[in-house]
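Below is one structure, written out as C-alpha cells, with a few remarks after it.
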Amino acid sequence: MQMYEAVNVLGGTLQPCSLRPRAGFFRDGSCNTCWEDSGSHTVCAIMTAEFLAWSKYVGNDLSTPRPFHDFPGLKPGDRWCLCASRFLEAVEEGCAPKVMLASTHRDALGIVPMAVLVANAAESKER
C-alpha cells in the first residue's frame with residue numbers, strides 16, 4: 001500500500017493523532033491514508049462519552065476492547081482517527097467530537113468541509 005503524502009488540513013505536516021491507543025488506518029499513530037483506505041480514517045478526533053455511545057448505537061462499537069485485534073477499546077479523552085463520513089454523520093446528529101486540525105489528513109476535505117472541521121476544532125489556536 002502506498003501511503004499518501006502526510007499533509008494536514010492546514011497545509012502543514014500531518015501531526016500524530018495517538019500512540020496510546022495506536023490510531024490510524026496504518027496503526028502508526030497518525031491519520032495517514034491511502035487508496036485502499038475506503039473508510040478514509042482521516043479525522044483525528046477526541047472521544048467523548050456521547051460520541052462513543054452514539055457510535056455504538058449506530059453499529060460501530062469503539063468502546064469495547066477487542067484483544068484479538070490488539071484494540072483496547074476507546075474511552076473519553078482518547079484520540080482516534082475517525083472515518084470522515086462517520087464524523088460528518090456525527091456532526092449532523094449533533095454529537096460530533098472535537099477534532100485536532102493539525103492531525104487531520106487533508107484527504108478528509110474530500111468529505112468534510114473545512115468550515116465544519118474548524119467549527120469543531122479542539123483548540124482555538126488552530127482556528
Any side-chain heavy-atom pair from [X] and [Y] closer than 4.5 angstrom?
X: T42; Y: V9; result: no
X: L14; Y: V7; result: no
X: T48; Y: P76; result: no
X: M100; Y: R79; result: yes
X: C34; Y: N32; result: no

Could you work out the complete set of other residues in the hydrophobic cluster of F26, with links drawn between I, L, V, M, F, W and Y side chains under 4.5 Å apart?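 Via sub-4.5 Å side-chain contacts, F26 links to M1, M3, F25.
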Can you see which heavy atom on [X] is nearest to which on [Y], and at what distance?
X: A45; Y: L82; result: CB-CD1, 3.5 Å
X: S55; Y: L62; result: OG-CD1, 3.8 Å
X: I46; Y: P97; result: O-CB, 3.1 Å

Within the 6.0 Å centroid threshold, strictly below: W54 and Y57: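 Ring-ring flag for W54/Y57: false, centres at least 6.0 Å apart.
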Ring pair (Phe, Tyr, Trp, His ring centres under 6.0 Å) with Y4: which residues, sequence neighbours excluded?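 Here no residue qualifies.
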Go through the structure and list residues passing salt bridge (charged side-chain N to carboxylate O under 4.0 Å, His left out) with [X], not counting sequence neighbours.
X: R27; result: none
X: E89; result: R86
X: K75; result: D78
X: D28; result: none

Can you tell me which residue pairs pass the disulfide (SG to SG under 2.5 Å) test with a partner in residues 65-119, sequence neighbours excluded? C31-C81
Give me each pair satisfying disulfide (SG to SG under 2.5 Å) with a member in residues 44-80, each pair once, sequence neighbours excluded. C17-C44
Please lay out, stage by stage, how R66 and D61 fare under the test side-chain contact (heavy atoms from CB on, under 4.5 Å). CA-CA 10 Å; R66 291 183 178 78; D61 182 1; 3.6 Å; yes
Taking distance alone, no hydrogens or angles, what donor-acceptor pairs closer than 3.5 Å link side-chain atoms of residues 107-119 to residues at least two apart or in another chain?
none

Going by ring pair (Phe, Tyr, Trp, His ring centres under 6.0 Å), name the pairs with one or both residues in residues 75-94, residues two or more places apart or in two chains. F71-W80
Quick test of your reading: applying side chain to side chain donor-acceptor pair (under 3.5 Å), list the pairs with at least one residue in residues 5-21, sequence neighbours left out, ordered by first then second residue.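 Matches after skipping sequence neighbours: E5-R106.
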Which residues pass the side chain to side chain donor-acceptor pair (under 3.5 Å) test with R22, not counting sequence neighbours? none
